[in-house]
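Ligands are counted one by one from 1 in listed order, and the atoms in each one are counted from 1 as well.
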Amino acid sequence: MTLESAQDSALPESAPLPASTGSEWWRTAVIYQVYPRSFADSDGDGIGDLKGIESRLPALAELGIDAIWLSPFFRSPQKDAGYDVSDYCDVDPLFGTLDDFDRMLATAHSLGLKVIADMVPNHTSDQHVWFQEALASPEGSPERDRYMFRDGKGPTGDIPPNNWESVFGGPMWERVTRPDGTPGQWYLHIFDTSQPDLNWENPWVREKFEDILRFWLDRGVDGFRVDVAHGMIKQAGLPDYTPPETGASMGGLVVDDSVLAPAIQDPPAPIPDPPYWGQEGVHDIWRGWHDVLAAYEGDRVLCAEAWVDPLEKVALWVRPDEMSQAFNFGYMFTDWKAPALKRIITESLKAFTEVGAPSTWVLSNHDVVRHASRLALTADSPQGAGIGPKSPGKPNEAVGLRRARAATSLMLALPGSSYIYQGEELGLPEDMELPDSARQDPTWFRTHGEKYGRDGCRVPIPWEADRPAFGFNHTGDSWLPQPADWGRFARDAQVGVPGSTLELYTLALRLRREHLLASGAVQWLKGYGRSVVAFRNGDITVIANLGKVAVELPVGQVLLASETITGGALPTDTTVWIRS
Ligand code: GLC
Ligand code: MG
């Protein structure tokens with residue numbers, strides 16, 4: 001087994017593959033996603049809040065992350081768990097007050113943690129005053145022009161303007177009633193009916209949002225994760241569109257199967273984007289936002305949630321005058337197979353580095369099945385469909401956790417920036433037994449129970465095994481019920497316990513920093529066979545065995561192992577970091 005200067009012969013490019021250069025903190029950051037409703041609940045009402053978050057920040061500092069990204073805590077009727085905003089410049093009373101936010105931010109900064117807010121510009125809540133004014137104003141008025149209102153088709157206008165289907169199921173159009181009670185125009189909503197799409201061709205909308213950004217930047221946030229950053233602009237004329245039959249739906253984007261289970265051969269040509277995703281006009285918006293952030297001191301970050309394909313297209317969102325980083329969903333959805341992982345890592349580093357942006361890596365978030373379950377599924381599970389009591393192909397928990405630990409150990413050794421979703425550091429699986437009566441995701445309702453949706457990854461996380469709601473709060477209330485046996489995943493059951501998932505994450509984050517892995521380069525190592533991912537990054541050799549047969553380890557000091565190693569052999573579904 002020798003260190004090669006050329007990478008694995010199956011791969012087209014030559015090593016090493018560096019991360020982007022530049023000194024901004026976000027190029028190498030590990031960003032921890034806090035899902036406010038489910039993180040920590042200070043007032044015991046069953047929904048997490050800002051004071052709860054503040055009280056648990058020291059635990060995140062100990063974990064060794066660089067920044068937190070908070071899913072939306074703005075004023076909202078909570079029809080889509082806060083991704084339906086009715087006032088972008090206020091905190092929802094569920095989560096606290098603006099003062100609570102300021103205090104939480106100050107505490108985070110005092111602990112050396114950056115804070116990223118989640119901006120939701122594609123749509124507002126239907127309760128937002130802008131939409132209420134639009135409804136109350138005549139057709140064709142400037143108020144109506146803030147949103148996407150259109151006349152229906154047919155003699156009475158009772159046919160929707162086109163055939164587009166909502167990401168959450170059902171038609172993408174809703175008809176409104178005029179003040180006199182007669183049926184009126186239709187409005188577009190890519191997501192729920194309670195989330196009308198804004199008209200981003202309208203300069204008024206653009207100005208309003210730049211002001212909103214300044215409101216939070218003035219308060220001191222370190223940047224924004226931008227929701228649905230591939231939406232916003234729709235193809236002129238809003239032509240009909242029927243998604244191709246093949247492929248899985250990722251957040252509404254149809255990706256071809258090669259993204260989910262890439263072959264080592266050339267991937268098939270990507271499917272063109274639907275007329276409401278990834279339109280060229282969107283980039284102008286991000287150039288404007290870039291300039292807003294650039295006027296502030298410090299390195300503020302813009303992170304794109306852009307479900308487009310292939311990676312070269314995602315990279316357009318992070319060109320030097322646009323956003324800073326973009327989630328790497330192609331990586332997230334890569335099967336637990338070595339050739340596919342090597343390919344996507346190579347492609348990611350190439351595509352992002354080419355535009356001067358860091359590659360990013362992510363395995364879980366609040367929209368997908370947790371990776372401790374996803375990596376061991378034995379049946380297809382399209383993105384957004386979720387896993388519930390009646391789903392086929394449910395994973396074996398031990399296999400899932402073992403793979404998750406190996407996958408994270410691999411991810412955190414890669415150059416660039418990584419995301420961690422709350423609870424994955426505890427090894428939390430998806431909650432697959434939530435009763436139907438507890439479900440909250442609009443997907444469940446809009447598909448009439450055909451798709452379980454995303455509640456299974458959103459269950460409040462366990463902190464202390466022996467406290468009510470496992471320490472989530474003091475009353476035991478929980479907006480989604482926690483599985484009775486989640487005490488075994490509680491943080492206090494793992495702190496200081498050798499081999500626990502929490503200790504594995506903590507060690508990985510410390511070593512990643514000490515060995516400058518995030519600003520390093522991937523140099524593929526030859527000779528380990530098709531089921532192994534092996535590379536060198538700085539002074540560390542990373543080997544992940546995804547095959548069934550144990551792999552002989554090279555000489556060197558094992559600094560990290562996702563499972564116990566004995567006799568110099570790397571067992572199945574295990575990753576090691578070796579200094580040699
Ligand atoms: C993004 C969010 C998701 C939300 C949707 C609509 O995909 O991550 O949770 O439902 O946008 O805002
Ligand atoms: Mg609360």
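Of the heavy atoms in F327, none comes closer than 4.0 Å to ligand 1. Under 4.0 angstrom from ligand 1, there are no non-hydrogen atoms of K79. At a 4.0 Å heavy-atom cut-off, ligand 1 does not touch H230 at all.
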W200 vs F209, test: ring pair (Phe, Tyr, Trp, His ring centres under 6.0 Å). Steps then yes/no.
CA-CA 10 Å; W200 275 88; F209 265 91; 5.2 Å; yes

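The neighbour count for Q132 CD, taken as heavy atoms of other residues, nucleotides or ligands under 6.0 Å away, is above 12. In this structure, D466 places its CG atom where only 12 or fewer heavy-atom neighbours from other residues, nucleotides or ligands lie under 6.0 Å away.
Excluding water, every protein N/O/S atom under 2.8 Å from the Mg ion (ligand 2) is given here by residue and atom: D41 OD1, D43 OD1, D45 OD1, I47 O, D49 OD2.
Under a 4.0 Å criterion applied to the non-hydrogen atoms of R458, ligand 1 contributes the atoms 9 (O). Of all the atoms in ligand 1, the ones that sit under 4.0 Å from a non-hydrogen atom of F168 are 10 (O). Taking every heavy atom of R454 and a limit of under 4.0 angstrom, the matching atoms of ligand 1 come to 3 (C), 4 (C), 9 (O), 10 (O).
Q422 places no side-chain N or O within donor-acceptor distance of the main-chain N or O of I461, the cut-off being under 3.5 Å.
Below 3.5 Å of separation, one finds an N or O of H123 facing an N or O of ligand 1.
Under the 6.0 Å distance and 45° angle rule, R446 does not count as a cation-pi partner of F168.
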